[in-house]
Amino acid sequence: MAKLINNLSKIINIILGDCRNIKPYQLSKQFKVKTMQDTSFVLKHLVKIPYDCRILAKNKFNYLVKSDASGLQNAKDFLVGLAKYCEQMPINMSIKSECLYMTINELSEQCKKIIKIRDKKGVDSQLIINEIESIALSLGITACDGKSIRGKLKRYSDCKWWFGKIKPIYNRSIESVMRYINVIWKGFQVYVSDRFLTLRRENKKRNEIYLKSLIALKDSNEEIELSKISGSSLSNQNNRVAELKARIAGFEKYADKFGYKADLITVTAPSRFHCVNKNGKSNVQWDESSVKTIHKYFTDLWDCVISKFHRDNIQVNGFRVVEPHHDGTPHWHFILFTKPEHRELASNIIHKYFLKDSPFEKGASEHRVVVKDLDQKKKRNFKGSYILKGIDLSPKNKSQKKLENSERMNAWGCLWGIRQFYQFGGPSVNLWREARRIAQNSKVNDNPIWQSVLNGDWCEFIEICGGLNISKGDRKIKIFKEFDETLNSYGEEKGYVISGLVIDEKLHKLKPPLWKISPKFKVT
């Protein structure tokens with residue numbers, strides 16, 4: 001057991017970066033330095049930089065060398081700062097992704113061996129879990145949320161589980177280094193690096209091919225290609241966008257009907273969160289905050305704003321959209337629907353909280369919180385198209401550049417794990433989706449709720465549910481959940497899942513069909 005734990009420690013050292021033995025001798029020769037001492041200096045720091053960023057770092061180093069008389073010293077300072085920044089990252093980025101994947105596989109295999117020894121020698125399972133969880137924490141991974149000891153042990157011995165946890169950390173760390181080198185800005189690689197955009201495209205293509213290779217067999221002997229099922233669900237980006245447009249249009253209609261006013265409010269982070277200026281030069285005020293840190297900063301401020309709204313009995317509804325600036329720094333948009341008497345109060349509260357940090361810096365009062373009146377008819381079409389530009393990947397009425405920018409915004413949200421579109425106020429979208437599922441797949445009565453969801457009328461749906469700002473318990477329609485005893489891949493019951501709706505104290509549910517997934521082409 002002690003030997004296996006020691007092997008695990010060695011693997012963790014590789015992932016964390018304590019073992020950096022592969023020195024880029026060939027690349028170090030391309031740096032514009034003249035002495036062997038300077039070459040050794042470059043090599044010493046270059047080994048700490050991610051493999052995918054070394055050529056970019058070399059290009060910037062050489063650019064700084066040629067910039068002025070003190071260029072070599074500036075270039076050295078840049079390389080030292082970059083190496084220190086890389087060492088602060090939670091994972092070793094100097095190894096290639098292929099090597100990282102092999103190391104992760106070895107990590108899961110060692111965990112399997114430890115668990116097998118536990119079974120043979122009767123070692124306390126909780127002790128094993130504690131040991132492995134300490135390893136996970138050293139990698140910046142929170143302990144798995146398994147429902148049982150058996151489920152936790154299965155997760156820790158599963159390569160896919162480790163890969164799913166470590167891969168985002170690896171990609172986000174490399175992207176942070178790209179931001180440090182000033183790769184990500186509108187004059188070079190806007191919103192997200194070309195590296196991750198390529199990975200995203202390859203992954204989507206790989207998933208598409210995989211889905212086309214499988215078929216779903218229904219209990220009624222019906223056979224459907226899995227890619228067609230995926231294309232008709234909300235995993236299809238076009239379907240998600242259509243649903244979002246219906247919800248925005250429904251809120252607009254409801255606002256007109258009941259006298260709500262609409263504003264588009266854009267909030268931007270203080271200067272210290274932006275790494276690159278619009279001209280491509282480094283922002284000297286940047287405090288090296290990551291994208292996740294900045295997003296959490298906004299989230300905490302919004303929580304304060306919502307709490308203040310509740311204390312002052314101000315009713316607000318609408319949508320929040322997160323988008324990147326050209327350098328990947330997030331900013332937020334709100335479409336805010338309020339009563340006329342609350343409109344100015346709500347705007348003042350948002351100004352107060354989002355300008356509390358660095359209120360007197362240059363341009364803060366003009367650009368940090370911007371409010372636009374959306375009640376004018378000419379701005380109606382602007383409302384939905386503007387805030388959905390980072391989500392809508394449809395080529396309709398878009399130039400190639402705009403289409404790529406939308407794709408990059410979408411990839412940025414995927415990379416950083418940021419929920420780009422969020423509704424606050426109004427009925428839950430789960431109610432809407434479950435009602436549509438029932439209405440489309442069964443014979444329903446003449447209750448207006450079924451017609452509202454089939455017609456895509458979000459406004460009518462809000463009215464049927466009882467209006468805005470109503471608690472779940474007081475709504476006329478409620479979600480019904482049942483306990484699903486089906487085991488997941490880790491041998492645990494799925495637990496409570498949505499299985500129907502309760503409307504006027506009457507249960508409406510569908511019996512889910514039994515599907516079996518099998519390869520499209522069987523090898524004989």
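In this structure, Phe273 has its ring center under 6.0 Å from that of Tyr297. Here His508 and Trp450 bring their ring centres to under 6.0 angstrom of each other. Ring centroids of Tyr101 and Phe163 are separated by less than 6.0 Å, placing the two rings close together. Not less than 6.0 angstrom separates the ring centroid of Phe334 from the ring centroid of Phe319. Ring centers of Tyr191 and Trp412: at least 6.0 Å apart, outside the cut-off. In summary, the aromatic rings of Phe461 and Trp432 are positioned with their centroids under 6.0 Å apart.
Because its NZ or CZ atom is not both nearer than 6.0 Å to the ring centre of Trp302 and within 45° of the ring axis, Arg320 does not count as a cation-pi partner of that residue. Under the 6.0 Å distance and 45° angle rule, Lys339 counts as a cation-pi partner of Tyr260.
In plain terms, the two heavy atoms of Pro330 and Ile294 that are nearest each other are CG-CG2, 3.7 Å. Of all the heavy atoms in Cys86 and Val177, the pair that sits closest is SG-CG2, 3.9 Å. Residues Ala262 and Phe337 approach most closely at CB-CE2, 3.7 Å, considering heavy atoms. Residues Ser358 and Ala364 approach most closely at O-CB, 3.9 Å, considering heavy atoms.
Counting only distance, with no hydrogens or angles, the side chain of Asn455 and the backbone of Gln451 share a donor-acceptor pair below 3.5 Å. The main-chain N or O of Leu107 is never found under 3.5 Å from a side-chain atom of Trp162 such that the two would form a donor-acceptor pair. Judged purely by atom type and a 3.5 angstrom limit, Gln423 uses its side chain to pair as donor or acceptor with the backbone of Gly425. In this structure, the side chain of His295 does not engage the main chain of Val291 through any donor-acceptor pair within 3.5 Å. In terms of modelled atom types and a separation under 3.5 Å, the side chain of Thr293 and the main chain of Ser289 share no donor-acceptor contact. Side-chain atoms of Asn447 come within 3.5 Å of backbone N or O of Ile449 as a donor-acceptor pair.
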Where do Phe421 and Leu244 land on the side chain to side chain contact (heavy atoms under 4.5 Å, CB included) test, with the steps shown first?
-> CA-CA 9 Å; Phe421 192 95; Leu244 293 174; 3.0 Å; yes

Could you walk me through whether Glu243 and Val429 pass the side chain to side chain contact (heavy atoms under 4.5 Å, CB included) check?
-> CA-CA 10 Å; Glu243 182 190 79; Val429 72; 3.8 Å; yes

Kindly determine whether Phe483 and Glu493 satisfy side chain to side chain contact (heavy atoms under 4.5 Å, CB included), including the steps that lead there.
-> CA-CA 9 Å; Phe483 192 86; Glu493 295 169 330; 3.3 Å; yes

Go through Lys481 and Val497 one step at a time and tell me if the side chain to side chain contact (heavy atoms under 4.5 Å, CB included) criterion holds.
-> CA-CA 5 Å; Lys481 292 185 178 183; Val497 296; over 6 Å; no

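At a threshold of 4.0 Å, the pair Arg150-Glu492 does not count as salt-bridged, since none of the basic side-chain nitrogens sits closer than that to a carboxylate oxygen. Salt bridge status for Lys154 with Asp158: absent, with no side-chain N to carboxylate O gap under 4.0 Å. Between Lys253 and Glu460, no side-chain nitrogen of the basic residue sits less than 4.0 Å from a carboxylate oxygen of the acidic one, so the salt-bridge criterion is not met. A salt bridge links Asp373 to Arg343: at least one charged side-chain nitrogen sits closer than 4.0 Å to a carboxylate oxygen. Between Lys204 and Glu208 there is no salt bridge, since no side-chain N of the basic residue sits under 4.0 Å from a carboxylate O of the acidic one. With respect to the salt-bridge test (charged N to carboxylate O, under 4.0 angstrom), the residues Arg437 and Glu434 qualify. A salt bridge is defined here as a Lys NZ or Arg NE, NH1 or NH2 lying under 4.0 Å from an Asp or Glu carboxylate O, and Asp194 with Arg408 meets this definition. A salt bridge does not link Arg179 to Glu175: none of the charged side-chain nitrogens sits closer than 4.0 Å to a carboxylate oxygen. A salt bridge is defined here as a Lys NZ or Arg NE, NH1 or NH2 lying under 4.0 Å from an Asp or Glu carboxylate O, and Glu407 with Arg200 fails to meet this definition. For Glu485 and Lys494, the salt-bridge test fails: no basic side-chain N is under 4.0 Å from an acidic carboxylate O.
Here the options are Val316, Ile314, Val267, Ile349, the test is side-chain contact (heavy atoms from CB on, under 4.5 Å), and the partner is Val305; only Ile349 passes.
For the 3.5 Å distance criterion, the side chains of Ser230 and Ser233 fail to qualify, holding no donor opposite an acceptor. There is no side-chain donor-acceptor pair under 3.5 Å between Glu361 and Ser271. Side-chain contact, Gln315 with His342: no donor N or O sits under 3.5 Å from an acceptor N or O. Side chain to side chain, Asp457 and Ser452 fail the donor-acceptor criterion of an N or O pair below 3.5 Å. Looking only at atom types and distance, the side chain of His331 has no donor-acceptor partner in the side chain of Thr268 under 3.5 Å away. Using modelled atom types and a 3.5 Å distance limit, the side chains of Asn283 and Arg272 yield no donor-acceptor pair.
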